[in-house]
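Heads up, the thing below is written out as structure tokens.
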Amino acid sequence: MHLRQRILRLTPYLLLAPGILWLLVFYVYPSIQMFISSFWSGSLETGYTVSLANWTTYAGAIDRYGEQFLRSIVYGAAATVICFLIAYPLAYTIAFRGGRYKSLLLFLVIAPFFTSFLLRTQSWKIILGDDGILFGPLKDLGVLPEEFRVLATPVAVVAGIAYNFLPFMTLPIYVSLEKLDGRLVEAAKDLYAGPWRPTGTVVGGIVGALVAIGLAGAFEYVIPVWAVVGALVGAVIGTAFLSESFVRVVLPLSLPGVFAGSLLTFIPSVGDFVNAELLGNTQTRMIGNVIQSRFLENNDYPTAAALSFILMAGILIAVAVYARLLGTDELTSARG
Amino acid sequence: MSDVTDDGVAVRADSPRQRPLRDRLARAVDRYLLWGYAGLAILYLMLPVVVMALFSVNDPPGRSNLSWHGFSFDAWLDPFGVPGLFDVVRTSVLIAFLSTIVATGLGTLIALALVRYRFRGSSTTNLLIFLPMATPEIVLGASLLTLFVAIGQPPLFPTNFVTILIAHIMFNISFVVVTVRARLYGFDRHLEEAAMDLGANEWTTFWKVTFPMILPGILAAALLAFSLSIDDYVITSFTAGRTSTFPIFIWGSARVGVPVQVNVIGTAFFLIAVGFVAITSYLGSRAERPLPPPRPEPDERAATPVVERTRASVPQPEG
């Protein structure tokens, strides 16, 4: 009996061992190796030597590719904001109004994942083409000027990224809204929670203007014009569609889902290079494009490793801050 | 307009008080606006999929398939009519198949350990499961490549089929764990206790009770792993070397023009995956259905919570 109990205590570790070992060898160790490789000098033919003096690789990498790093963060943030603006009402509708169509709607949200990521991006190239199926007819009708274009601009890249990671934002928000106890909202209404006026008008206007300024900045559009548009749209939404029960009960309780979704959207967005390559131009290159070409075209492993390590370190810090604030449970359960 | 901004929780339709017209109008606008917005979002999500399917029946004069030229079913009749396409699809399917089997096995074991047992190090394990999903794919691929370069000898360098497989198993494990674990959380432990009470040992209980119950979750995880693997471009591009997979073929042909046949295969994969999801969710909904009222069969009796049965069998003091 004694032996049997000892085996029972070991059971979880025996179950874990093979999978965890795989992750240690092929996830944790490569990350360490990447850090070591960033201090390499030499070449594939002559072999590599590690020396701390090669910290200059980092200085050089930041100096040469700082612009692409900054652009990746800006595009990632813009895509995350767009995802939130699309995903929140979508998740809200599915969670509260979905009824018996709930699972069908959820399936439609994840359905794009069953198509090749590259083919979907290729489809956007077809849709957004200068004389493609969307803008071609509009230009023939004279609705759009002939020189109007979206493809090969920052808008196309950010829209493509937002498209690809939209389900990562929608599902966690949905999970947090679904868990919400409807009686809390009833209680808020019983306690005279009504329309959110006039605060909603002011707050909506300010938030709308800020979002519009940020997006216009990322897209290199004329900022003042879009700031006014954003303020107007925000004010209308704040006046007509936001109630006190939403702002004070539903929104705060869904914030963990919003944070999880933002992280799950922002992280892959920053590292993406497929959208920038297929939908962008040479002025929209992101850090992922640089890492890929350094690794696979130039075989410049030390620089590429240094760039990847900076990217990973930044993300680990973001995750650590998140985990400290909200715990890891929300993140892992949201993905399932 | 005081009720425009509904919380969304079911509103009593049979409200005894007749609402003013303005309120009802506002409510209708609110409802249709929300649905309209959600509909547009779904359209945005589905549009590229529809375009992909549409352009699989396109009839372009050359190789470039970027504008509409007319209907043709030719590519569907000859889906591998492009040199090299069959080989890359076969490689992709093989890698997806092998990586799914290994990752589903390893991931299910981890999920069982995490849900069934309290043990030292479980939160570290959770973190280790989460991190690969939170790392950008490019970093996963890049770090694996630096490992393979550092080792610098076969079978790991130059990178090849084996290294792609290693990478795919690695990134699939976390997704399997998360999917199976979600299924295990809702599991009724009483069923296992009941089986043990009826004399089944751990092994029999696992295969006769636990495994059939979590099978839909495992199938869902396997489907997810398969579709992630067959679709992966970013990590594969770092670990592929000279080996070509379907996504690598698409990437390579994107510059010179993606042939129609690629859309055909993409559409076929989509339809097959949707079919699988339909089947697994059907199985899942069957498994989740409440159990039928107890019938006098041994299997069914096992489903009654143990506590109740024991209490019933204990002689109750009279009066």
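Throughout, a chain's letter reflects where its sequence line sits, starting with A, and its residues are numbered from 1. Heavy-atom basis, side chains included; hydrogens, waters and symmetry copies ignored.
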Proximity breakdown for [X] and chain B, heavy-atom pairs closer than 4.5 Å:
X      : answer
A/F35  : neither
A/Y13  : side chain
A/V28  : side chain
A/A162 : both
A/L278 : side chain
A/L108 : both

Taking [options] one by one, which has the highest count of heavy-atom pairs under 4.5 Å against chain B?
options                        : value
A/P167, A/P89, A/A304          : A/P89
A/A305, A/G129, A/G132, A/A111 : A/A111
A/S308, A/P112, A/P268         : A/P112
A/K125, A/R120, A/R9           : A/R120
A/G19, A/A17, A/G271           : A/G19

> What residue among B/I42, B/L34, B/L40 forms side chain to side chain contact (heavy atoms under 4.5 Å, CB included) with A/L90?
Replying inline: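 With A/L90 as partner, B/I42, B/L34, B/L40 yield a single side chain to side chain contact (heavy atoms under 4.5 Å, CB included), made by B/I42.
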> Under the criterion side chain to side chain contact (heavy atoms under 4.5 Å, CB included), which of B/L147, B/V149, B/T146 is the partner of A/S37?
Replying inline: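 Of B/L147, B/V149, B/T146, side chain to side chain contact (heavy atoms under 4.5 Å, CB included) with A/S37 is met by B/T146 alone.
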> Near B/F276 CZ, under 6.0 Å, is it more than 12 heavy atoms from other residues, nucleotides or ligands?
Replying inline: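 Open.
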> Take atom CZ in A/R248; do more than 12 heavy atoms of anything else shown fall under 6.0 Å from it?
Replying inline: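 Not buried by this count: 12 neighbours or fewer within 6.0 Å.
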Below 4.5 Å, heavy-atom pairs only: which of [options] has the largest tally toward chain A?
options                        : answer
B/S227, B/A221, B/G105, B/P132 : B/P132
B/V234, B/L224, B/L140, B/L112 : B/V234
B/I230, B/V50, B/V277          : B/V277
B/I169, B/V274, B/L223         : B/I169
B/A254, B/P247, B/A142         : B/A142
B/N65, B/V176, B/L106          : B/L106

What distance do [X] atom [atom1] and [Y] atom [atom2] have between them, rounded to the nearest 0.5 Å?
X      : Y      : atom1 : atom2 : value
A/F113 : B/L228 : CZ    : CG    : 8.5 Å
B/I250 : A/Q122 : CD1   : CD    : 8.5 Å
A/L119 : B/Y233 : CG    : OH    : 13.5 Å
B/E137 : A/F117 : CD    : CZ    : 7.0 Å
A/L118 : B/F246 : CG    : CZ    : 9.0 Å
A/L15  : B/L114 : CG    : CG    : 9.5 Å

Taking the side chain as C-beta and beyond, is there a heavy-atom pair between [X] and [Y] under 4.5 Å?
X      : Y      : value
B/I110 : A/I20  : yes
A/Y27  : B/L144 : no
A/L296 : B/S237 : yes
A/L24  : B/L128 : yes
B/F119 : A/L16  : yes
A/F114 : B/L271 : no
B/L131 : A/L316 : yes
B/P136 : A/I315 : yes

Go through the atoms of [X] and report whether side chain, backbone, both or neither lie under 4.5 Å from a heavy atom of chain A.
X      : result
B/R120 : both
B/Y117 : side chain
B/I173 : side chain
B/F226 : neither

> Taking only heavy atoms into account, what residues of residues 260-268 of chain B are found under 4.5 Å from chain A?
Replying inline: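 Listed by number, the contacting residues are B/V262, B/N263, B/G266.
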Which pair of heavy atoms, one from [X] and one from [Y], lies closest together, and at what distance?
X      : Y     : result
A/Y163 : B/L45 : OH-O, 2.5 Å
B/A113 : A/P12 : CB-O, 3.6 Å
B/W35  : A/R97 : CZ2-O, 3.1 Å

> Passes side-chain contact (heavy atoms from CB on, under 4.5 Å), B/F269 versus A/T115? Steps please.
Replying inline: CA-CA 7 Å; B/F269 278 157; A/T115 327; over 6 Å; no
> In terms of the angle between their ring planes, are B/F148 and A/F26 parallel, tilted or perpendicular, with boundaries placed at 30° and 60°?
Replying inline: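 Geometry flag for A/F26 against B/F148: tilted rings.
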> Any chance the rings of B/Y44 and A/W124 have centres within less than 6.0 Å?
Replying inline: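 Yes.
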>> Are B/F238 and A/F295 an aromatic pair, judged by ring center distance below 6.0 Å?
In response: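 Yes; B/F238 has its ring centre under 6.0 Å from that of A/F295.
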> Passes side-chain contact (heavy atoms from CB on, under 4.5 Å), A/L311 versus B/I138? Steps please.
Replying inline: CA-CA 10 Å; A/L311 184 59; B/I138 191 161; 4.0 Å; yes
>> For a quick check under 3.5 Å, do A/Y29 and B/S143 share a side-chain donor-acceptor pair by atom type?
In response: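 There is no such pair between these side chains.
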